[in-house]
Amino acid sequence: MNLISAIDFSVRNVLAHPFRTILTMLGIILGVSSLVAMTAMVKGMEKGMKESMIAMGGLDKVLISEDGVPSEMDHLADLAPGRTFRDVYALRKNAPLLKVVSPELRADDRNITYGHKRTWPSELVGVWPAVLEMNLFEVEHGRFFCDMDEELALSVCVIGTGIRDELFGSPEKLGFEIIPIGKWININGQPFRIVGMFRHYESERDRKIRELEAKRRREQGQQSGPARQKGWGGSKTWGNPFWRKNNTVYIPMRTMWLKFPRYLEDSETGTLIPDTRLTDIDIKVRSMETMDKALQQARNVLGITHHGILDYEFRTQESGIEDINKRIRNARLSGGIISGLSLLIGGIGIMNIMFASIQERIREIGTCKALGASGSAVFFQVVTESIVVCILGALVGMGASLGVVELLEWLSPTQNSPVITPAALMTASACSIIIGMLAGIFPALKAARMSPMEALKY
Amino acid sequence: MALVELRGVTKIYDLGGEKIHALAGVDLDIESGEFTSIVGPSGSGKSTLMHILGCLDTPTGGAMSIDGIRVEKARPKELARIRNRKIGFVFQFFNLLPRLTVQQNVELPLIYMGYSAARRRERAMEVLGLVEMDNRSRHRPSQLSGGQQQRVAIARALVNEPRIIFADEPTGNLDSNTGEKILQLFHELHAGGRTLVLVTHDPDIAGLTPRRIEIRDGRIADEVDTRLVRGTEQSRFALTRDDRDAVGDSPREA
C-alpha cells in the first residue's frame, strides 16, 4: 500500500459523505481556528506592547521616582532632600555606567492657547537636551534648545504634532501640513515662541488606518472638506503612549524655573518657600547587560547625596515587561485551553466516526484482505483516512481563523491588530496531524485485526 | 506434488463451549489446470473448506500446502501475501468497492503487490479486455449490471496472475441467462489453462465442471471426475471415488 493510493482512497471515502465529514471536522475546525486566532491575537498584543514600550523611552530607561521614607527613618523625614540638581550633577559625574541623566521639571498647570484655540498638553516639562535621547524624541522641524536658550531662559518651546493639530489644524483635516515654527503661543498665559516640532509618533495600526482613510478620500475624488470627528476621538486617551508623546511640550529647564516656579508651604508659618526639587530624574544605562551594576552605582551616589535617606526608588521597565509577559502568558493559557479542548473533542469525534465508518465497511475491508491486504496495509489506510479528515479540518480551520481575526479586529478595534504567524499555522497543522493519527489508531487496530473470513460474511 | 494438498484437515469452531466440527478430516489434491466444483447443502462445511483453501482461515488440525508452501501454521501476514500472489477470489455479491472505478477495483491486488501506477493501469486494462469490460474502466460498480460487475470481479481475480481462482457461488446473485455467460467465461478460463475451484450448492452448475467434490457433514462424501471416462457416450456418468481408485493411473497425472 503506497501513500498516494492510501490518500486517494481516503479522499474518496471522505468525500463520499460530505456532510458527515463536515460535522466530523467541526471540532478540528474550531480547535485550529481558535489556536491560530489566539496566537495571532497574542502576537498582536505583544507587538503593540513593544511599540508602546519604545514610545515610552525603551527598555534601558530607569525612572528615579519619589518614595515615602521607610518607617525606621521616619524621624529623618524632614531632612529628606528630594531629587535635586545635586543628584543630577553627582550622577553625571560619578556613575560612569549611566549613559544619560535627564532632569525634568513638570508644570502642574498646563494650558496652551493660540488665538481662540486652547489645548491641554499631556506634559509641559522643563528639560535639558538630554531628554531627546532619554525619551527617544526626534525633532523633525526647526531645532531643539541650545545653550543660549537655557542660559538666558528664553521663552521658547518645542511641541509635538498633537499640539499643532489642536492649535493650528491637523493635516488630515486641512489636507496640507502646517509647520508652526516661529509662531507665538501662550503657555499658562505667557508668550512662547515655537522653535521646533517633533516627528509624528503613532502605532503601526493607527498609521494603517490613517493611510487607508487618506486613500479612501483620494478615491472619492479630492473631497477636501473638513473631516468629521468620529465617536469619542478614537484612541486619544491617556492610556495611549503615542498620544501622550505627540502632546508633549518642552521648554528649557531654566525657563521653567523662572516662569513657572513652584512653592512649598511651610507647615509651621504658612509662608510659601520656593521648591528646589525636580519632579523627575530619568537615567539610561549604557547597556542592558550592566543594568544591575549601573543601578548599584546610581544607588551609591544617591546614598551620599541623600545622606542615606531612602526617599527615592528606582523604577525599571522590568516590572512593565513582567506585566506584559504575564498578560501574554494568561492569554496564551486561556486560548490554549480552549483550542486544546476543541481539538480533543474534535479528535474524539473523528475516532467515533472512524469506528462507524469501518463498521459499515466491514465487507469492503474483508474484500481488501481477501485480495491480499495485510493487517498493516489496512491499518495504514484507516490512519491515513483519519489524518486526511484532520488535515482537511485544519485547512478549513485556518481559513476560518482569518475570518475570526477579521471579526475580532472589527469587534474590538484595539490598537493591537492580530498577526497570523507561519509558526502558528505550522503548529496548528502539526497538532491536527497528530490528532488524526491518535484518533485513527484504535479504529485502525480494530480494522487491521479483523479476520478476513468474518469480515466477508457481513 | 499437487498445487493444493490437504491432508486430514479439520476445522473445529468453539461456540461458547459447544464444539462444532465443520471439517472432520479432509484429504484433497487439486492439480494445476483443474476445474473443480465443491458442492454440498448448506451447513455441509463447503464454505469452511473454501475459506481454508483460500487461506482466509487456518485449519484446526491437519496439513495443507499451496504451491509448495505450508500454510496450516502461517501467520496472518504470510496468509495475506499468499492470497495476494497465489489466489484470486470471485464472490457471490461481487464485492467491488463502490467508491472506486472499475479500473481501480481491478488494480487493488496490484496496489498491495506494490506495482507502480503505470504498470497497474496497463495490467488492469489487459485483464479487463479479457472479460470484455475495458470500455467501462471509468465507470463505478453501481453503474454496471450484475453480470458486468461479476466480469469486473473476475478480471480482478485474474489481475495478479494467480495460481488458483476460487469462486464462491459466482452465479448465485445473477439471473440464469447471465449466470450461464459467467460460467461460460469460467470454462474459457479453464480452457486457457487456469486452475479454478467453484463452490456452489447447485448440482446442475457443479455438473458442468470436469471434477466434482461433494461435501457432507464436513467430509468428502463423493468425488466425480468425468475425465476418467473421457471418450465414452456417458461422459457425465458419475464415477465414485472407489471407481477412480480402481482405475488406478489417473489421467491428471499423465
Side-chain angles (χ1 to χ4, degrees), chain A residues 1-21 353-354 356-382 384-385 388-389 392 444-458, chain B residues 11 13 22 47-58 75-101 104-117 120 140-142 153 156-160 162 165-166 168:
Chain A
M1 195 80 191
N2 62 29
L3 188 62
I4 295 168
S5 307
I7 291 173
D8 180 24
F9 292 177
S10 302
V11 170
R12 278 166 197 276
N13 285 330
V14 164
L15 295 184
H17 305 279
F19 191 61
R20 188 168 85 177
T21 304
I353 288 296
M354 290 312 294
S357 167
I358 63 164
Q359 196 65 31
E360 76 184 19
R361 279 190 286 156
I362 285 183
R363 204 149 70 105
E364 281 180 35
I365 293 167
T367 306
C368 288
K369 289 195 158 187
L371 297 178
S374 60
S376 51
V378 172
F379 181 88
F380 183 59
Q381 172 64 47
V382 176
T384 305
E385 199 169 318
V388 164
V389 172
L392 282 179
L445 272 181
K446 189 181 167 189
R449 282 179 184 159
M450 238 176 239
S451 144
M453 186 192 62
E454 298 291 333
L456 278 171
K457 279 183 189 162
Y458 260 76
Chain B
K11 182 70 190 180
Y13 291 113
S47 290
T48 307
L49 179 60
M50 199 209 74
H51 288 146
I52 287 176
L53 284 171
C55 293
L56 293 166
D57 205 358
T58 48
R75 285 176 293 128
K77 192 172 176 140
E78 295 167 51
L79 288 178
R81 193 180 159 82
I82 291 167
R83 289 196 297 271
N84 192 205
R85 309 285 158 116
K86 310 256 181 225
I87 296 172
F89 283 101
V90 179
F91 302 97
Q92 180 178 0
F93 299 103
F94 326 132
N95 287 24
L96 298 175
L97 271 58
R99 284 176 290 278
L100 303 186
T101 64
Q104 286 174 317
N105 262 289
V106 175
E107 284 180 9
L108 213 48
L110 303 181
I111 289 176
Y112 301 126
M113 285 170 91
Y115 274 47
S116 70
R120 287 205 304 265
R140 295 290 166 94
S142 57
R156 186 176 64 184
L158 290 171
V159 77
N160 56 341
I165 296 168
F166 292 98
D168 187 5

Legend entry - chain B contact via A:L456 - which portion, at a heavy-atom distance below 4.5 Å: side chain
Legend entry - Largest heavy-atom contact set with chain A, pairs under 4.5 Å, which of B:G54, B:A117, B:P98: B:P98
Legend entry - Pairwise side-chain contact, B:P141 with B:L97, heavy-atom cut-off 4.5 Å (strictly under): no
Legend entry - Proximity breakdown for B:P76 and chain A, heavy-atom pairs closer than 4.5 Å: neither
Inset, instruction - Kindly indicate whether the side chain of A:H17, heavy atoms from C-beta on, has any atom under 4.5 Å from the side chain of A:E360. - result: yes
Inset, instruction - Quick one: pull up CD in A:E454 and CG in B:L56 and give me the separation to the nearest 0.5 Å. - result: 11.0 Å
Legend entry - For A:F379, all residues meeting ring pair (Phe, Tyr, Trp, His ring centres under 6.0 Å), sequence neighbours excluded: none
Inset, instruction - Determine which residues belonging to residues 77-86 of chain B lie within contact range of chain A, meaning some heavy atom pair is under 4.5 Å apart, and list them by number or answer 'none'. - result: B:K77, B:A80, B:R83, B:N84
Inset, instruction - For the residue pair B:D168 and B:F93, establish whether any side-chain heavy-atom pair is separated by less than 4.5 Å. - result: no
Legend entry - Contacting moiety of A:N13, where chain B heavy atoms sit under 4.5 Å: both
Legend entry - Heavy-atom proximity to chain A below 4.5 Å, by part of B:R120: side chain
Inset, instruction - Using a 4.5 Å cut-off on heavy atoms from C-beta on, say whether the side chain of A:R12 contacts that of B:Q104. - result: yes
Legend entry - Region of B:F91 in contact with chain A, defined by heavy-atom distances below 4.5 Å: side chain
Legend entry - Pairs of heavy atoms under 4.5 Å with chain B: top-ranked of A:A373, A:S451, A:P452, A:C368: A:A373
Legend entry - Residues forming a side chain to side chain donor-acceptor pair (under 3.5 Å) with A:T21, sequence neighbours excluded: none
Inset, instruction - Just jot down the side chain to side chain donor-acceptor pair (under 3.5 Å) partners of B:N95, sequence neighbours excluded, or say none. - result: A:R363, A:T367
Legend entry - B:I165 side chain reached by B:I87 side chain, heavy atoms, under 4.5 Å: no
